[in-house]
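Working notes, structure below.
Values below: all heavy atoms of this structure, side chains included; hydrogens, waters and symmetry mates excluded.
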Amino acid sequence: DQARPRLCTSLQVKRIEMTMSASTYDIVTVGGGIGGAALATVMAKAGARVLVIERELRFQDRVRGEFMEPWGVAETKRLGIYNVLLEAGHPTPWWDIYLGATKMERRDCVATTPHQLPNFGIYHPTLQELTLAEASKAGAEVRRGATVREVRPGNPPTVVVESNGRVEEFTPRLVVGADGRSSMVRKSLGFETVREPDRYYIAGLWFDEMPAPEDAGVGVYNPMLGQVGYLFPQGGGKVRAYMVYPVDGDYRLNGDGAVARFISEALRTGVPPEYYKGARANGPLASFITADHWVDHPYRDGVALIGDAASASDPIWGLGLSLTSRDARVLSDLLRANDDWGSACHSYARAHDEYFSNLRGADNIMRELLVDRGPEADARRAKALPRVASGVAQLPDQGFCGPDQPFDEAARNRLYGD
């Protein structure tokens, strides 16, 4: 213990049954997905005592994100987990873009992005298992099948955990809420959640034996229908397909009975029919609302939020894994650089607000131009697309290149000529 870095201090840990536990922790991470597990891995390697609480004993396919853009891949490299993910993941250097049934572009993402890296696909349950195993290997304690009952902010904060029939209270230096879109930690602290209007659903479905390109993601945008079809190859004929469709449609893509409708809507959107020929659906089909939601300044009194707990990016653009990796990397960098963790977490929260705002602004523009339907959307396209074609303005590229480039009102005005 004496050899550990100064960031590891002796912390009180108390069992509700009034007997004392010998374990002490600097960080308790609520959630063992890529965000919580990656942060735990980095901090455990730095000498921190880390406890990861994960409620699931076995990760299930719940139609979550399985795609990372080049900037997200770069974040996993900086977190030191990329090589582990590569064992089960599938790099895709190309991105095929369609407008309806017309192929517009095949983009070389390695050559045209600042990180010079490919996109990356990986089955979400496998991603979770790999990152959680890395956290354990790095020295973090991982408790699965455990439930966090309460989080109380303070100096120090308090976490109440139920596991194996007993309840314990922990008072670490920092609690990290990495527990997803419906975050219990966020609710416990009373953060005010801001959200965009509900405009679209996104449905996901796993396919085997699909003859789609192995080296390219496919994005098909059809603003006449207000629909998008995606194919994200995972290697060996395995593909995660997604369908985006308006909330005011006359159908909902859920369950085995909707598989045929999923495929027919993908084809109607413009996905090449030869890609679905012989493909075999294998897995759950479910739809989710796509609206962004977020909190401002995701840190309060010893508790930081990362990933979807802090900000859920519109899944139409597939940025969730990349954004979560960015959160884990930025927060862990700041914690390792500053003994004052409160100050470090406030710095993280300010940085998060800025880069999430850049992504959200860019995503809204892309939705307006490539997805939204109706006279107002047509008028926006009539103004913006000729300016893009003539080189006067550019479409936002934060989705592939990352959130460091601002997207502000001036950028919007240049695009629309206002």
Side-chain angles (χ1 to χ4, degrees), residues 1-56 79 131-179 183-186 188-189 299-307 309 327-328 331-345 348:
D1 286 351
Q2 293 178 352
R4 287 181 179 271
R6 188 154 55 94
L7 60 82
C8 296
T9 59
S10 179
L11 301 168
Q12 182 184 10
V13 181
K14 182 180 70 175
R15 282 184 52 184
I16 292 297
E17 291 89 340
M18 304 306 294
T19 59
M20 300 300 294
S21 169
S23 298
T24 58
Y25 304 102
D26 298 301
I27 300 171
V28 173
T29 296
V30 183
I34 185 173
L39 183 134
T41 299
V42 173
M43 296 308 297
K45 287 180 178 178
R49 299 178 179 92
V50 185
L51 171 64
V52 180
I53 303 296
E54 172 50 54
R55 67 181 181 180
E56 296 189 31
L79 287 163
T131 52
L132 202 54
E134 280 301 290
S136 181
K137 191 184 303 181
E141 180 182 342
V142 176
R143 294 194 188 183
R144 300 187 70 162
T147 303
V148 174
R149 295 301 184 194
E150 185 181 2
V151 175
R152 298 192 295 270
N155 184 20
T158 301
V159 188
V160 181
V161 179
E162 183 175 343
S163 166
N164 296 321
R166 68 177 187 174
V167 177
E168 295 175 280
E169 281 192 3
F170 302 103
T171 53
R173 289 178 69 182
L174 177 66
V175 175
V176 177
D179 52 341
S183 171
M184 183 281 299
V185 178
R186 184 179 66 229
S188 291
L189 268 69
Y299 172 72
R300 182 179 298 168
D301 298 329
V303 183
L305 304 178
I306 65 172
D327 289 352
L331 180 55
S332 60
D333 280 356
L334 290 165
L335 292 174
R336 288 182 296 161
N338 191 345
D339 287 338
D340 182 347
W341 280 11
S343 175
C345 288
Y348 155 73

Item to check | side chain to side chain contact (heavy atoms under 4.5 Å, CB included) between Thr131 and Thr41, worked out | outcome: CA-CA 8 Å; Thr131 52; Thr41 299; over 6 Å; no
Item to check | Stepwise side chain to side chain contact (heavy atoms under 4.5 Å, CB included) check, Asp327 with Tyr348 | outcome: CA-CA 8 Å; Asp327 289 352; Tyr348 155 73; 3.6 Å; yes
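For Ala178, the side-chain contact (heavy atoms from CB on, under 4.5 Å) criterion is met by Thr29, Ile306, not counting sequence neighbours. Annotation: side-chain hydrogen bond (donor to acceptor under 3.5 Å, both in side chains) contacts of Ser183 (sequence neighbours excluded): Asp179. For Asn338, the side-chain contact (heavy atoms from CB on, under 4.5 Å) criterion is met by Asp340, Ser343, Ala344, not counting sequence neighbours. Annotation: side-chain contact (heavy atoms from CB on, under 4.5 Å) contacts of Val42 (sequence neighbours excluded): Leu79, Ser332, Arg336.
Between Thr171 and Tyr25, every side-chain heavy-atom pair lies at or beyond the 4.5 Å cut-off. Using a 4.5 Å cut-off on side-chain heavy atoms (C-beta onward), Val176 and Val28 make no contact. The side-chain heavy atoms of Asp26 and Val50, taken from C-beta on, include no pair separated by under 4.5 Å. For the pair Leu51/Ile53, a side-chain contact is recorded, criterion being any heavy-atom separation below 4.5 Å from C-beta on. Proximity of Leu174 to Leu335: side-chain heavy atoms (C-beta onward) are separated by under 4.5 Å at one or more points. Contact of the Val148 side chain with the Phe170 side chain is not registered, since no non-hydrogen atoms from C-beta on lie closer than 4.5 Å.
A distance of 9.5 Å separates CD of Glu54 from OG1 of Thr147, quoted to the nearest 0.5 Å. Taking CE from Met43 and CG from Leu331, the interatomic distance works out to 8.0 Å, rounded to the nearest 0.5 Å. With values rounded to the nearest 0.5 angstrom, Ser136 atom OG is found 10.5 Å from Arg144 atom CZ. The CD1 atom of Ile27 sits 12.0 Å away from the CZ atom of Arg49 when rounded to the nearest 0.5 Å.
Screening residues 27-45 for salt bridge (Lys or Arg N to Asp or Glu O under 4.0 Å) gives no qualifying pairs among residues at least two apart or on separate chains. Among residue pairs with one or both ends in residues 148-159, those qualifying as side chain to side chain donor-acceptor pair (under 3.5 Å) are Arg149-Glu162, Glu150-Arg152, Arg152-Glu169; sequence neighbours excluded.
Counting all heavy atoms, side chain and backbone alike, Ala140 lies closest to Val52 at CB-CG2, 4.4 Å. When every heavy atom of Pro153 is checked against every heavy atom of Val303, the shortest pair comes out as CA-CG2, 4.2 Å. In terms of heavy-atom proximity, Ala309 sits nearest to Gly177 at CB-O, 3.6 Å. Taking both residues in full, the closest heavy atoms of Gly342 and Tyr299 are given as CA-OH, 3.7 Å, listed atom of the first, atom of the second, then distance. Closest approach of Ala40 to Ala135, counting heavy atoms only: CB-CB, 4.1 Å. Annotation for Ala328 and Leu39: closest pair O-CD1, 4.0 Å, computed over non-hydrogen atoms.
Counting non-hydrogen atoms of other residues, nucleotides and ligands closer than 6.0 Å to CZ of Arg300 gives a total above 12.
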